[in-house]
J.: 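The structure follows.
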Amino acid sequence: MPPDTSLHHDAVVIGGSYAGLSAALQLARARRRVAVVDAGRRRNRAAAHAHGFLGQDGREPGAIVAEARDQLLAYPTVAWIEGEAAAARKAGTGFEIETGDGRRLRSRRLVLATGVVDELPDIPGLAERWGRSVAHCPYCHGYEMGDGPIGVLASSELSMHHALMLPDWGETVLFTNDVFTPDGEQSAALARRGVRVESQRVMRISGERADMELADGRTVRLTGLMTLTRTRMATPLAGQLGCALADGPTGAFVETGMTKETSVPGVFACGDLARAAGSVALAVGDGAMAGAGAHQSMIFRPD
Ligand code: FAD
Ligand code: MG
């Protein structure tokens, strides 16, 4: 397919999930021409229910996105491009975005909403349970794990934070799994919160929810398991564009100012990509700010 440089947009939004849709909605409602490029791999696609998002608590996460996309596409200035943005670069006073199938889009502003990818601990049985009985966020899935016992599978010393929080949701067991050994102070803090520590290595996870099969042959039956994943940005686009990054507790994220503009003027970033730890509600809020920020920058800071 020949490259199409005739498509000029006020803004191109890369990533059409919660953050990207929210950004695009503000731009569309300001009658701006906006294109959304989306590869359709939401971070929470393994989960059957999304929790903690006001007005949508417990709804299927894909249904929230599908309804939002339908509402967005009702605006006449919106184009939806299914697929991957493969490259993005500064071009003149704006940007050029190249899609995986060779299309080229030109825009004045760029909004990155591409999210992050979770790197799961490599334990047999864990990946199949991800988003169902294994999760990373107590606020999202802790309540559904019932009274417990809820497990915390250590992935680094940061899992102390998880372990100290979870007793609010249910009886908690911390599986240190040779990742770290709580020191005296940490052990005392865990004891004060009533957390039991299991130091045997986890060999496998099985069962309906999460039966933790340990190296010494015992099995600890859980109502659910929490583990803090490492996260990485879903695409290298922010780095390619030269956006400043920051180190978060689970991985790098894109630094932004109050209007969600990055260190590269004209490039905005929102959602999980642009904060240390995210959620649907925060992605929607950040997206709204990025969309309004990108819009106003075209008025008050013309190219
Ligand atoms: P995402 O939803 O991850 O969307 C990013 C989009 O960008 C995707 O569609 C992706 O395909 C697209 N994309 C990436 N790269 C490109 C590219 N190069 N070109 C085109 N498109 C691209 N949060 C809650 O609030 N409640 C919950 O109950 C909850 N449950 C969760 C369960 C699980 C298992 C996980 C892992 C997360 C959960 N979260 C939950 C967190 C929530 O999923 C994220 O905070 C939210 O999805 C962030 O939205 P986003 O728009 O920033 O990114
Ligand atoms: Mg998005």
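Quick note: residue numbers are just sequence positions, from 1. Quick note: numbers below take in every heavy atom, side chains included, and nothing from hydrogens, waters or symmetry partners. We count ligands from 1, going down the list as the structure has it; atoms in each ligand are counted the same way. Just so we're clear, the structure is a prediction, and the values are computed from it rather than from any experiment.
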J.: Side chain, backbone, both or neither: which applies to L282 and ligand 1 if a contact is any heavy-atom pair less than 4.0 Å apart?
T.: neither
J.: Which bit of T235 is near ligand 1, meaning a heavy atom under 4.0 Å away: side chain, backbone, both or neither?
T.: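 The side chain, only.
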J.: What part of Y139, side chain, backbone, both or neither, has a heavy atom within less than 4.0 angstrom of ligand 1?
T.: neither
J.: S279 heavy atoms, cut-off 4.0 Å: which ligand 1 atoms fall inside?
T.: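 Heavy-atom distances to S279 below 4.0 Å select 23 (N), 25 (O), 45 (O).
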J.: With a 4.0 Å cut-off on heavy atoms, is A50 in contact with ligand 1?
T.: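 Within the 4.0 Å threshold, so yes.
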J.: Side chains of S206 and E213: any donor to acceptor distance under 3.5 Å?
T.: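 Present: a donor and an acceptor within the cut-off.
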J.: Just to check, does C137 reach to within less than 4.0 Å of ligand 1 when the distance is taken from its heavy atoms?
T.: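 False for this residue.
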J.: Suppose I only count heavy atoms of G131 and a 4.0 Å limit; which atoms of ligand 1 are within that range?
T.: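 Checking each atom against G131, I get 34 (C).
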J.: In ligand 1, which numbered atoms sit nearer than 4.0 Å to a non-hydrogen atom of C140?
T.: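 Counting atoms of ligand 1 from 1, those under 4.0 Å from C140 are 23 (N), 24 (C), 26 (N), 27 (C), 28 (O), 29 (C), 30 (N), 40 (C).
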J.: Tell me whether F53 reaches ligand 1 (any heavy atom closer than 4.0 angstrom to a ligand atom).
T.: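 No.
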J.: Yes or no: does G52 have any heavy atom under 4.0 Å from an atom of ligand 1?
T.: no
J.: Side chain or backbone of P61 under 4.0 Å from ligand 1, or both, or neither, by non-hydrogen atoms?
T.: neither
J.: Would you kindly specify which portion of A283 sits under 4.0 Å from ligand 1, judged on non-hydrogen atoms: side chain, backbone, both or neither?
T.: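 A283 to ligand 1: side-chain contact only, backbone stays beyond 4.0 Å.
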J.: Hydrophobic clustering (ILVMFWY, side-chain heavy atoms < 4.5 Å, transitive) - are M289 and V280 grouped together?
T.: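 Unlinked, V280 and M289 end up in two clusters.
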J.: Heavy-atom contacts with G278 under 4.0 Å: which atoms of ligand 1 show up? List them by number with element.
T.: 45 (O)
J.: If the cut-off is 4.0 Å to any non-hydrogen atom of A19, which atoms of ligand 1 fall inside it?
T.: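 The list of qualifying atoms is 51 (O), 52 (O).
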J.: Under a 4.0 Å heavy-atom limit, does D118 contact ligand 1 with its side chain, its backbone, both, or neither?
T.: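 Side chain only; the backbone of D118 stays clear of ligand 1.
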